[in-house]
Structures are given as structure tokens and as C-alpha cells.
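Each residue takes its place number in the sequence, starting with 1. In listed order, ligands and their atoms are each counted from 1.
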Amino acid sequence: MKILEERILKDGKALDNNILKVDSFLNHQVDPKLMKDIGYEFANYFKNKNITKVVTIESSGIAPALMVADILNVPLVILKKQTSKTLNNNVYTTAVTSFTKGITYNLTVSKDYILSSDNVLIIDDFLANGEAASGALRLLEMGKATCTGIGIVIEKSFQPGIEKLKKLGIDVYSLARIKKLEKDTIVFE
Ligand code: G4P
């Protein structure tokens, strides 16, 4: 997606070989107009897949995912990293380890919102090692829902996540694919 690549080059910053800082428009301060364009791009790609729900992982996936859900006219379900007191025990839970952040958390969702009749589109901001996406897939499996596709705003193609998901036969659509990062240098596929 050209406007996203241009924005990454203009406002993003490669901190080192692994981390791209995009917190002026994607994951701290958020540009709603760009999120809307991203929403239309994903919605257009997945429009004929009978999506019944969009699922994302809190917190940075929420902004683009909400736009997609709105355009597809389906609910957005947010997978929680911290169990809410209102959730009681009616939940599916799986442990996820983030290599980027060096932490493990329990990804949780109410059983009420993942149904065996659901065709789910997963949306997330970054695909790095694929651990968050794999955790989301495990929760969908627990609810016997179908994952129809995964939409990623920024894929770091040089990290293992994309290959992991492709091996599972999932249709992954990434809007910006980064081949290489070096301090102050960003190279797209
Ligand atoms: P994975 O999900 O693909 O396995 O990636 P990993 O566990 O290694 O890291 C996941 C977290 O790190 C995610 O944030 C993701 O957005 C963030 N992340 C990964 N690579 C980058 C990067 O190059 N730049 C930035 N800015 N973030 C990156 P999270 O823990 O889910 O937190 P949140 O921001 O969504 O709240």
C-alpha cells in the first residue's frame, strides 16, 4: 500500500536491525485518516470471504481493526492481555510469549464472542515472530471458529512470523512488507 510505505519512510524510524518506531501515526499517536484508508484496503481484499467477525489483539491492533470491522459491517472482538474482572471463567485462554518485548502474557477471550459459526479475519499492527497471531489462532480453534485470513499493517518479512503463518495455509495480506531494517534505513520487499 503506497501511502502507508510513504508514511513509514516519512515518519517511521528504524531504531536498530529489528525495531521500527511508528508511534507518531500507528501505535501511540494514531492517524485516523490513515487508519480509514487501511480499513478500506483490508475490507476490499477480504470482502468476498463472508467474514462474520474481525478479531484483534490489544492494544495497537484496535485502531486499524475497528475501521475494517466498520466497513465490513461486522463486530470487532478484542483479545485481552489482562483478564477483566467481568469475564469470570467463561473464557478461552492461551499463553503468548513476545520475543520483541521479552514477556509472556495470557491472551483471553470470552467464549460468548468466538463461535463455531464464525469466519474470522484477524487484524494486527505488526507481524514479527508470529507469536501473537499464533495465540489468536489457538483461541479461535478452542471456539471451533474458522480463520479466513490475517491482515497485517506492517510485516517484518525478515522475521519468522510470515513463514510460520504461510505454512499453516493461511491467507496473509500485509500492507507494508519490510525486507530489512538498519539504524535509520528501511527497505521494503
Ligand atoms: P509477534 O507477535 O509477531 O511474535 O511479535 P513479538 O511477540 O516479537 O512482538 C509483539 C509485540 O511487539 C507487539 O506489540 C508488536 O506490535 C510489537 N512489535 C514487534 N515488532 C515491532 C516493531 O518493529 N516496532 C514496533 N513499534 N513494535 C513492534 P504488543 O506487545 O502486542 O503491544 P501493543 O503495542 O499492541 O500494545
Distance to 0.1 Å, residue and atom name: give those for the protein heavy atom nearest to [atom].
{"atom": "atom 10 (C) of ligand 1", "answer": "Ser98 OG, 3.6 Å"}
{"atom": "atom 29 (P) of ligand 1", "answer": "Lys81 NZ, 3.2 Å"}
{"atom": "atom 6 (P) of ligand 1", "answer": "Thr100 OG1, 3.4 Å"}

Nitrogen or oxygen atoms of Ala132 and ligand 1 under 3.5 Å apart: yes

Would atom 13 (C) of ligand 1 count as contacted, meaning some protein heavy atom under 4.0 Å? no

If two hydrophobic side chains count as joined below 4.5 Å and joins carry through other members, does [X] share a cluster with [Y]?
{"X": "Ile152", "Y": "Leu76", "value": "no"}
{"X": "Ile150", "Y": "Leu127", "value": "yes"}
{"X": "Ile57", "Y": "Val153", "value": "no"}

Does ligand 1 have any atom sitting under 4.0 Å from a heavy atom of [X]?
{"X": "Gly161", "value": "no"}
{"X": "Asn18", "value": "yes"}
{"X": "Ile57", "value": "no"}

If we set the cut-off at 4.0 Å for heavy atoms, which region of Lys156 has an atom near ligand 1: side chain, backbone, both, or neither? side chain

Is it the side chain (CB and beyond), the backbone, both or neither of Asp23 that lies under 4.0 Å from ligand 1, heavy atoms counted? neither

Which one of Lys101, Lys164, Glu155 has a non-hydrogen atom at the shortest distance from atom 17 (C) of ligand 1? Lys101

Determine the interplanar angle of the Tyr45 and Tyr173 rings, folded into 0 to 90°, and report it as parallel if under 30°, tilted if 30 to 60°, perpendicular if over 60°. parallel

Find all atoms of ligand 1 within a distance of less than 4.0 Å from any non-hydrogen atom belonging to Asn27, and give their numbers and elements. 26 (N)

Thr52 and Asp118: side chain donor to acceptor below 3.5 Å: yes

